[in-house]
Amino acid sequence: MAKRRGRRETLVQGRLITGLVGGILLAGGLLWAVWLVLHPALRPNLSSLPIVGKVLPTSVPQMQIPPLTAEGITLGHASQTAGLSQQQALLIAATLEPDAAKKAQKTSASYVLLNYPTGKYNNHASLTDMPVWMIVYQKIPLQAADASVDPTPFPQSTQDLYLFLDANSGKEVLAIWV
């Protein structure tokens with residue numbers, strides 16, 4: 001009987017230790033998952049691994065912006081490092097569009113892959129997975145028209161500018177006013 005009790009106690013202790021270690025690993029995994037969600041820029045780049053790069057697509061779809069989608073423009077997630085920093089891209093954009101930069105109520109910059117296929121109504125080369133900085137100038141006030149010339153008011157009082165700069169050279173690729 002003494003042997004059985006010893007084995008039972010050992011089994012109970014083993015299960016207790018296994019459960020404790022499993023709980024710690026589970027808690028650590030959950031903390032890591034939360035950290036990845038809160039810090040997307042620090043996520044590991046799995047596409048650089050030899051095997052994963054061949055299986056996973058290099059560009060993961062990014063949230064699409066309806067006015068751009070209406071123009072045939074889609075965005076992807078860029079996994080490589082840009083040649084220009086975000087600050088450099090914003091400075092170049094401000095020199096290309098100084099009025100928009102001054103008057104915009106909100107400005108943002110995102111490093112994305114630009115997809116803009118050649119279409120029926122646009123005359124440009126097809127752009128596929130091109131790494132760009134997308135500078136968005138939002139709520140740029142429209143100048144009111146002279147009421148004596150055109151008494152019809154504008155349907156909106158502001159507009160947005162989406163400016164796409166080549167992520168390596170800083171050259172303007174595309175500008176869309178919405």
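One is the number of the first residue; the rest follow in order along the sequence.
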Report yes if the side chains of Ile73 and Asn115 come closer than 4.5 Å at any heavy-atom pair, otherwise no.
-> no

Only pairs under 3.5 Å count here: list side-chain donor-acceptor contacts from residues 87-96, not counting sequence neighbours, and write none if there are none.
unit_1: Gln88; atom_1: OE1; unit_2: Ser85; atom_2: N; d: 2.7
unit_1: Gln88; atom_1: OE1; unit_2: Ser85; atom_2: OG; d: 3.4
unit_1: Thr95; atom_1: OG1; unit_2: Ile92; atom_2: O; d: 2.6

Please check if the side chain of Gln64 supplies one atom and the backbone of Leu75 the other of a donor-acceptor pair under 3.5 Å.
-> yes

Nearest heavy-atom contact between Ile135 and Ala109 is CD1-CB, 3.6 Å

Between Ile140 and Lys103, what is the shortest heavy-atom contact and its length?
-> CG2-CB, 4.2 Å

Measure the spacing between CE of Met134 and CD1 of Ile65 and express it to the nearest 0.5 Å.
-> 4.0 Å

Could you give the side-chain donor-acceptor pairs of residues 158-178 under 3.5 Å, partners two or more places apart or in another chain?
unit_1: Asp160; atom_1: OD1; unit_2: Lys139; atom_2: N; d: 2.8
unit_1: Asp166; atom_1: OD1; unit_2: Asn168; atom_2: N; d: 2.7
unit_1: Asp166; atom_1: OD1; unit_2: Ser169; atom_2: N; d: 3.0
unit_1: Asn168; atom_1: OD1; unit_2: Gly83; atom_2: N; d: 3.1
unit_1: Ser169; atom_1: OG; unit_2: Lys171; atom_2: N; d: 3.2

dist Gln86:CD -> Ser108:OG (nearest 0.5 Å) comes out at 8.5 Å

Atom pair OH (Tyr111) and CD (Gln80), whose distance is rounded to the nearest 0.5 Å = 6.0 Å

Tell me, do Ser157 and Leu142 make a side-chain contact under 4.5 Å, heavy atoms counted?
-> no

Using links of under 4.5 Å between side-chain heavy atoms of ILVMFWY residues, direct or through other members, which residues join Leu16 in one cluster?
-> none

